[in-house]
Amino acid sequence: MKITSTHCRWSTTERIEMGAQRSPSVRRRRLAAELQRLRKEAGLTRDQAAEHAGCSPVTITRIESATSAATVALVAMMLDLYGVTGERREALMRLARDARKRGWWFRMSEAIPEWVQSYVGLEEEATTLREYQSEFVPGLLQTEGYARAVMRSAPVLPPDEELERRLSIRMKRQERVLGRPDPPMMWCILNEAVIRRPVGGGESMCDQLRRLIQVSELNHVTIQVLPFAAGVHPAMDGGFTLLNFPKLSDPDTVYVEYWQGSVYLEDQREVDAYVLLFDHLRARALGPDQTRSLIAQAIRDMPLDAEGRS
């Protein structure tokens, strides 16, 4: 995460105030970027900052990478060292306090992994979400029945109470992201396997496919299917999500989730590589109208449940 004066048109205070957004995850990233920039402007190393603050260099590294939230007292000591006073100091201290606030998901946090909690915070603030999925419908577009079936596919089934908490969080995510007055622009590319695999049975899957058709007609949502006929393609390693944010000082991020963990990529070269990858996928995928037709065909082709319903 790197911010220099050549990348920002606003004063420090303006950048900080504009970053005082709803998500603690985004505020923590903003504070991390400002603290790192101030340390470098002061000509200090992480070791020197750590010695002054009475902590380890690893702590400074984790704070500046937004891995850990800095205590308000520690931020105050760092600002003393960097010579920050007046309005800038007040804004940064306010940001430090806000960055330690708990997100809406905290009271249910035991039901979702820590790496997903961080993503939920970033997802809420994104202005654009571009996602490729090879195996399942993106969480923001899942029906409750589909989501329940996906969660119950784990090798170790969660207790019913925990499962319901996870479902509640997923539905709340949809409400807070897609239901906000300024929803993000969403562009989702789905491998054809996503619409062909009967997750939860035929009836449940048909409900999910009808949901995809419905949301694909919204002005801020684009859905494309990458058909089997496209053959080999450059994203066969798996899915990913590109997140863009409204402020120049909030770095674009690539989120890659794997079994029991995830990776956040912010280096501009890595982000650019995934942007190029996404562009290749959308060029090979069916257009939105063709996609809706294929999804409708998938509904007709869906195998019947035991009760005889598709």
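- In terms of modelled atom types and a separation under 3.5 Å, the side chain of S216 and the main chain of I223 share no donor-acceptor contact.
- Nearest heavy atom pair, residue R196 against residue A298, reads NH1-CA, 3.5 Å.
- Here the side chain of S168 pairs no donor or acceptor atom with the backbone of E164 at under 3.5 angstrom.
- Few gaps surround CD on E217; more than 12 heavy atoms of other groups in view lie less than 6.0 Å from it.
- Distance check, rounded to the nearest 0.5 Å: CG of L81 to CZ of R39 gives 10.5 Å.
- Put simply, the side chain of E90 never gets that close to the backbone of E87: no donor and acceptor are under 3.5 Å apart.
- Annotation: side chain of P184 is in contact with side chain of V177 (closest heavy-atom distance under 4.5 Å).
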> Given Q133 and E135, is the side-chain hydrogen bond (donor to acceptor under 3.5 Å, both in side chains) satisfied, shown in steps?
Replying inline: CA-CA 6 Å; Q133 289 297 344; E135 291 294 331; over 6 Å; no
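- In this structure, the side chain of R148 does not engage the main chain of L163 through any donor-acceptor pair within 3.5 Å.
- Under a hydrophobic clustering in which Ile, Leu, Val, Met, Phe, Trp and Tyr are joined whenever their side-chain heavy atoms come within less than 4.5 Å, directly or via other members, L212 and V150 fall into the same cluster.
- At least one donor-acceptor pair closer than 3.5 Å links the side chain of R284 to the backbone N or O of V232.
- Ion pair R165/D160 not flagged as a salt bridge, since none of the NZ, NE, NH1 or NH2 atoms sits closer than 4.0 Å to an Asp/Glu carboxylate oxygen.
- Under the 4.5 Å side-chain contact rule for hydrophobic residues, V194 and M151 do not share a cluster.
- In this structure a side-chain-to-backbone donor-acceptor pair under 3.5 Å is present from Q290 to G287.
- At a threshold of 4.5 Å between non-hydrogen side-chain atoms, the residues R170 and E144 do not count as touching.
- Between the side chain of Q224 and the backbone N or O of R282, at least one donor-acceptor pair lies under 3.5 Å.
- The main-chain N or O of D182 is found under 3.5 Å from a side-chain atom of R180 such that the two form a donor-acceptor pair.
- Separating the CG atom in L294 from the CG atom in D289 is a distance of 12.5 Å, to the nearest 0.5 Å.
- Under the 4.5 Å side-chain criterion, counting only non-hydrogen atoms from C-beta, V263 is not in contact with E257.
- At least one side-chain heavy atom of I299 sits under 4.5 Å from a side-chain heavy atom of R210.
- Contact check for R292 versus P288: side-chain heavy atoms found under the 4.5 Å cut-off.
- A side-chain donor-acceptor contact under 3.5 Å links Q174 to the backbone of Q142.
- Between W187 and F278, the ring-plane angle classifies as perpendicular under the 30° and 60° cut-offs.
- Residues L129 and L242 form no side-chain contact, since every pair of their non-hydrogen atoms from C-beta on lies 4.5 Å or further apart.
- Both V72 and L38 belong to a single network of hydrophobic side chains, linked directly or stepwise wherever heavy atoms of I, L, V, M, F, W or Y lie under 4.5 Å apart.
- With contacts defined as side-chain heavy-atom distances shorter than 4.5 Å, the pair Y132/T241 does not qualify.
- At a threshold of 4.5 Å between non-hydrogen side-chain atoms, the residues M93 and V75 count as touching.
- Shortest non-hydrogen contact noted between A296 and I213 is N-CD1, 4.0 Å.
- L167 and V120 fall into different hydrophobic clusters, defined by Ile, Leu, Val, Met, Phe, Trp and Tyr side-chain heavy atoms under 4.5 Å apart, directly or through other members.
- Cluster membership for V58 and I63, using ILVMFWY side-chain heavy atoms within less than 4.5 angstrom, is not shared.
- Scanning all heavy atoms of the two residues, the minimum distance from A50 to P57 falls at CB-N, 3.5 Å.
- Here the CG atom belonging to D237 is positioned 9.0 Å from the CG atom belonging to L277, to the nearest 0.5 angstrom.
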>> Test ring pair (Phe, Tyr, Trp, His ring centres under 6.0 Å) on Y255 and F240; report intermediate values, then the result.
In response: CA-CA 6 Å; Y255 175 74; F240 61 90; over 10 Å; no
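- Distance alone, capped at 3.5 Å, places no donor-acceptor pair between the T59 side chain and the C55 backbone.
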